[in-house]
Undergrad: 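Pasting a structure below so you can have a look.
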Amino acid sequence: MEHRILYRLIPSRSHHLLRRIVLLAALFALVLEVAALAQDTLPPPPPADATAPLSQNPATGQNNVRAVRISDVAGQVQVWQNGQLAFQQAEPNMPAVEGMRFVTGEDGRLEIEFEDGSVARLAPNSSFRLTQLHRDSAGNTITRIDALTGLSYYELNGHDGQLAVGLNQESATPDGAAIFRVDLDNDPNELSVMQGEVHVGDGDGVSVDVHPDQTFQTDPNQAGEFTVANSITANSWDQWNSDRDEALSQMDSSQTTARASTSNPDDSSWNDLDYYGSWYNVPGYGDVWSPNGVSADWDPFGEGYWGYYPAFGYTWISSYPWGWWPYHCGAWDYLDNWGWVWAPGGCGWGWDGGYGAGYGIGWFPYPLIWHHPPAYRPPMRPGRPAPGKPVTRLIAVHRGPQNAAPFRFDHVSTVQPRPLLFNGASIAPLQAGIHPAQRGPLSEAYTSTLMRTHPELVPAMVRSGSAPLVGVPPVRMPENRGNSGSSDHAPRPAAAPAPRVSSGGGSHPSGGVSHASSGGGGKPHR
């Protein structure tokens with residue numbers, strides 16, 4: 001309306017000049033918008049939450065906070081932190097961080113999986129807290145779980161760091177691998193050992209070793225007094241605990257060599273990828289992964305949530321059962337006419353990428369995207385709320401029914417992988433030939449399995465029980481990225497350097513790498 005009125009006020013001979021000016025201004029605005037799309041930037045590390053205990057490595061000043069995975073949820077499960085309700089409902093693949101308290105309802109059940117495959121489980125009407133969940137100055141994990149109410153199970157394999165479970169005034173520490181449950185509903189309270197040996201002490205010199213098929217009993221009102229019974233009373237939830245063991249046992253029954261060159265091959269989250277998808281060795285990329293049972297129109301960000309954490313803002317929570325590593329490290333790439341693949345890199349302890357002050361080592365709230373179909377836009381990461389404004393803690397994302405792929409939720413049916421088409425060649429998936437002698441939460445470590453079954457591969461591994469390698473580079477853009485059919489997208493440039501964070505808070509990686517989303521609404525690009 002303003003333009004039309006302006007035309008009427010100007011003599012007719014000036015109409016063409018004014019129209020050219022208006023068109024040039026519109027074209028300039030469009031160029032600026034396209035440039036903004038092409039100049040995607042990595043968000044700077046967010047400020048630490050003043051109320052969150054972010055542990056610092058005294059030697060490097062880096063953040064040693066850990067984020068572990070909520071691996072299974074059923075029924076109502078609340079998440080509390082710093083005395084406030086953080087999430088009304090827990091979701092699978094939600095990060096669990098130090099200080100979080102979990103409370104199950106009458107139908108609620110929860111499982112948290114740690115890096116070495118150890119698990120902690122909550123039965124209905126129960127609660128526990130992750131009192132300690134960080135690393136010491138040498139990079140060793142420090143984990144303390146305090147059982148607060150009800151019934152909880154612990155299967156701790158002792159592969160990594162220090163583990164302890166608190167009940168009342170006592171602290172239980174497994175001697176190697178152990179399975180035990182804590183029942184605070186009984187009077188007296190009980191700790192029953194099903195497998196292994198558990199050392200229980202009160203910190204004042206009173207301690208006892210509890211052996212298999214023994215029950216430690218203590219009265220919370222009588223500090224220092226306890227009894228040990230040479231029997232275990234069966235509980236109706238023992239079968240549920242065994243069923244979860246069987247499910248995890250199937251997940252790591254057959255593994256590929258894809259993780260052998262990563263900095264943390266023993267992390268249990270790799271098992272999900274071997275089970276739910278296939279690895280392909282692609283020229284220029286190395287080993288990449290894609291879920292089985294999907295087609296080219298499937299969207300890796302099709303189902304999930306944005307969950308708000310004060311320490312690092314919104315993080316992506318995938319609804320796919322394998323959705324942990326592919327959304328917290330590495331990069332996604334779209335191969336034309338075939339679909340999405342994920343390339344690992346910078347996963348787990350060993351690489352901070354310049355982000356050590358906010359996220360924890362080798363774990364990121366959201367992943368990278370190298371290349372995507374025309375007009376594709378991943379769901380944008382919400383920005384931080386303004387001070388004093390209410391926070392939407394969980395934002396659901398649903399991007400179409402085609403994204404509800406037939407993943408093996410029942411752990412029975414098998415979805416056959418499809419050959420990967422790349423540069424006119426068909427690449428068969430890697431075969432799973434690594435079989436641990438013991439499976440489930442107390443399984444044999446991947447490194448041990450590899451040394452036992454394929455010793456020729458061990459020297460090539462980045463880590464084989466040695467100290468973490470801080471400074472391991474992140475995933476790189478392939479030097480000769482080809483297209484698997486259509487030539488709609490040109491090959492990408494040479495490998496990009498690791499992203500750097502400037503002192504002014506901005507950052508930008510070269511080589512055409514973009515984030516799936518950026519804090520404050522950054523835009524992905526082609």
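All heavy atoms count here, side chains included; hydrogens, waters and symmetry mates do not.
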Undergrad: Are the side chain of Y309 and the backbone of P95 linked by a donor-acceptor contact shorter than 3.5 Å?
TA: yes
Undergrad: So, does S127 use its side chain to make a donor-acceptor pair with the main chain of V103 at under 3.5 Å?
TA: no
Undergrad: Quick one: does Y275's side chain get under 4.5 Å of Q250's, heavy atoms only?
TA: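 Yes - at least one pair of side-chain heavy atoms lies under 4.5 Å apart.
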Undergrad: State, to 0.1 Å, how close L184 and T149 come at their nearest heavy-atom pair, and which atoms those are.
TA: CD1-N, 3.7 Å
Undergrad: State the CD1-CZ distance between I317 and R69, to the nearest 0.5 angstrom.
TA: 12.5 Å
Undergrad: Would the distance check show the side chain of N93 and the main-chain N or O of S71 forming a donor-acceptor pair, the cut-off being under 3.5 Å?
TA: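 Side chain of N93 to backbone of S71, a donor-acceptor pair under 3.5 Å: no, none is there.
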Undergrad: Which pair of non-hydrogen atoms, one from S152 and one from F128, has the smallest distance, and what is that distance?
TA: CB-CD2, 4.1 Å
Undergrad: Which atom names give the shortest non-hydrogen contact between I142 and D136, and what distance separates them?
TA: CG1-N, 4.1 Å
Undergrad: Could you check if a side-chain atom of I145 sits within less than 4.5 angstrom of a side-chain atom of T143, using non-hydrogen atoms only?
TA: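 Yes, side chains in contact.
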Undergrad: Considering only heavy atoms from C-beta outward, does the side chain of N271 approach that of R259 to under 4.5 Å?
TA: yes
Undergrad: In terms of relative ring orientation, are W332 and W340 parallel, tilted or perpendicular, with 30° and 60° separating the classes?
TA: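 Taking W340 first and then W332, their aromatic rings stand perpendicular (interplane angle over 60°).
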Undergrad: About how many Å separate CH2 of W80 and CD of Q88, when rounded to the nearest 0.5 Å?
TA: 8.5 Å
Undergrad: If you round to the nearest 0.5 Å, how far is CG of N230 from CG of D213?
TA: 9.0 Å
Undergrad: Taking N157 for its side chain and D116 for its backbone only, find out whether a donor-acceptor pair lies under 3.5 Å.
TA: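 Yes, because the side chain of N157 sits within donor-acceptor range (under 3.5 Å) of the backbone of D116.
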Undergrad: Give a yes or no on whether the backbone of P429 and the side-chain of S278 come within a donor-acceptor separation of less than 3.5 Å.
TA: no
Undergrad: What is the ring orientation for F301 with W316, classed by angle as parallel under 30°, tilted 30 to 60°, or perpendicular over 60°?
TA: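 F301 vs W316 ring planes: perpendicular.
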Undergrad: Stepwise, does the side chain to side chain donor-acceptor pair (under 3.5 Å) test hold for H199 with D209?
TA: CA-CA 4 Å; H199 180 81; D209 290 329; 2.7 Å; yes
Undergrad: Looking at residues at least two apart in the chain, or sitting in another chain, which of them share a salt bridge (Lys or Arg N to Asp or Glu O under 4.0 Å) with R181?
TA: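 Only D238 meet the salt bridge (Lys or Arg N to Asp or Glu O under 4.0 Å) criterion with R181.
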Undergrad: Give the intermediate values and the outcome of side chain to side chain contact (heavy atoms under 4.5 Å, CB included) for residues Y276 and L273.
TA: CA-CA 5 Å; Y276 285 108; L273 305 185; over 6 Å; no
Undergrad: Quick one: does V193's side chain get under 4.5 Å of H211's, heavy atoms only?
TA: no
Undergrad: Please, which pairs that meet side-chain hydrogen bond (donor to acceptor under 3.5 Å, both in side chains) have at least one residue in residues 187-196, sequence neighbours excluded?
TA: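 Qualifying pairs, neighbours excluded: N168-N189, N186-E190, E190-Q217, S192-T215.
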Undergrad: In a check of side chain to side chain contact (heavy atoms under 4.5 Å, CB included) between V97 and each of H134, Q81, R66, which one passes?
TA: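 So the option named by the test is Q81.
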Undergrad: Would you say that Q76 contacts T104 through its side chain, given a criterion of any heavy-atom pair below 4.5 Å between the two side chains?
TA: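 Of all side-chain heavy-atom pairs linking T104 with Q76, none is under 4.5 Å.
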Undergrad: Given W289 and W322, is the ring-ring contact (aromatic ring centres under 6.0 Å, His included) satisfied, shown in steps?
TA: CA-CA 11 Å; W289 179 87; W322 43 262; 4.8 Å; yes
Undergrad: Do you know the tightest heavy-atom contact between W237 and A123?
TA: CG-CB, 4.2 Å
Undergrad: What do the steps show when you test L163 against S118 for side chain to side chain contact (heavy atoms under 4.5 Å, CB included), and what is the final call?
TA: CA-CA 10 Å; L163 292 165; S118 297; 4.2 Å; yes
Undergrad: Is there a side chain to side chain contact (heavy atoms under 4.5 Å, CB included) between E115 and V68 once you walk through the steps?
TA: CA-CA 7 Å; E115 298 95 330; V68 295; 3.7 Å; yes
Undergrad: Extract all donor-acceptor atom pairs below 3.5 Å that involve side chains of residues 389-401 and protein atoms in other chains or at least two apart in sequence.
TA:
residue : atom : partner : partner atom : Å
R393    : NE   : Y308    : O            : 3.4
R393    : NH2  : Y308    : O            : 3.2
H398    : ND1  : E303    : OE1          : 2.7
R399    : NH1  : D299    : OD2          : 3.1
R399    : NH1  : R377    : O            : 3.1
R399    : NH2  : R377    : O            : 2.4

Undergrad: Is R109 paired with D72 through a side-chain N to carboxylate O contact shorter than 4.0 Å?
TA: no
Undergrad: Are L156 and P174 close enough that some pair of their side-chain heavy atoms sits under 4.5 Å apart?
TA: yes
Undergrad: Does F114 offer a backbone N or O that forms a donor-acceptor pair with the side chain of S268 under 3.5 Å?
TA: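 It does hold such a pair.
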Undergrad: Between G383 and Y314, which heavy-atom pair has the shortest distance, and what is it?
TA: O-CE1, 3.6 Å
Undergrad: Looking at CE of M251 and OG of S269, how far apart are the two atoms once the value is rounded to the nearest 0.5 Å?
TA: 9.0 Å
Undergrad: Where do I112 and L110 land on the side chain to side chain contact (heavy atoms under 4.5 Å, CB included) test, with the steps shown first?
TA: CA-CA 7 Å; I112 294 179; L110 173 75; 4.2 Å; yes
Undergrad: When you measure from the side chain of S290 to the backbone of V341, do you find a donor-acceptor pair of N or O atoms at a distance under 3.5 Å?
TA: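 It does not hold such a pair.
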Undergrad: Could you check whether any side-chain N or O of N264 sits under 3.5 Å from a backbone N or O of D266, counting only pairs where one atom can act as donor and the other as acceptor?
TA: no
Undergrad: Quick one: does Q89's side chain have a donor or acceptor within less than 3.5 Å of a partner on G75's backbone?
TA: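 Here the side-chain-to-backbone pair exists.
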Undergrad: Residues in ring pair (Phe, Tyr, Trp, His ring centres under 6.0 Å) with Y153, at least two apart?
TA: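 For Y153, no residue satisfies ring pair (Phe, Tyr, Trp, His ring centres under 6.0 Å) once neighbours in sequence are set aside.
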Undergrad: For Y366 and W306, what are the C-alpha separation, side-chain angles and deciding distance, and is it a ring-ring contact (aromatic ring centres under 6.0 Å, His included)?
TA: CA-CA 10 Å; Y366 37 78; W306 287 109; 7.1 Å; no
Undergrad: Do the side chains of L248 and D252 get nearer than 4.5 Å, heavy atoms only?
TA: no
Undergrad: With sequence neighbours left out, write down each residue that passes ring pair (Phe, Tyr, Trp, His ring centres under 6.0 Å) with F102, or none if nothing qualifies.
TA: none
Undergrad: Ignoring hydrogens, what is the shortest heavy-atom contact between R381 and P365? Give both atom names and the distance.
TA: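 Closest approach of R381 to P365: NH2-CB, 4.3 Å.
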Undergrad: Evaluate the side-chain proximity of V208 to V228: yes if any heavy-atom separation is below 4.5 Å, no if none is.
TA: yes
Undergrad: For residues 144-154, which residue pairs qualify under salt bridge (charged side-chain N to carboxylate O under 4.0 Å, His left out), counting only residues two or more places apart or in two chains?
TA: R129-D146, R144-D146
Undergrad: Under a 4.0 Å N-O cut-off, is there an ion pair linking R244 with E155?
TA: no
Undergrad: Let me confirm one number: the CG-CH2 distance from N235 to W240, rounded to the nearest 0.5 Å.
TA: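 Rounded to the nearest 0.5 Å, the CG-CH2 separation comes to 10.5 Å.
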Undergrad: Would you give the length of the straight line joining atom OH of Y154 to atom CZ of R121, rounded to the nearest 0.5 angstrom?
TA: 12.0 Å
Undergrad: Donor-acceptor check, side chain of E98 to backbone of L133, threshold 3.5 angstrom: yes or no?
TA: yes
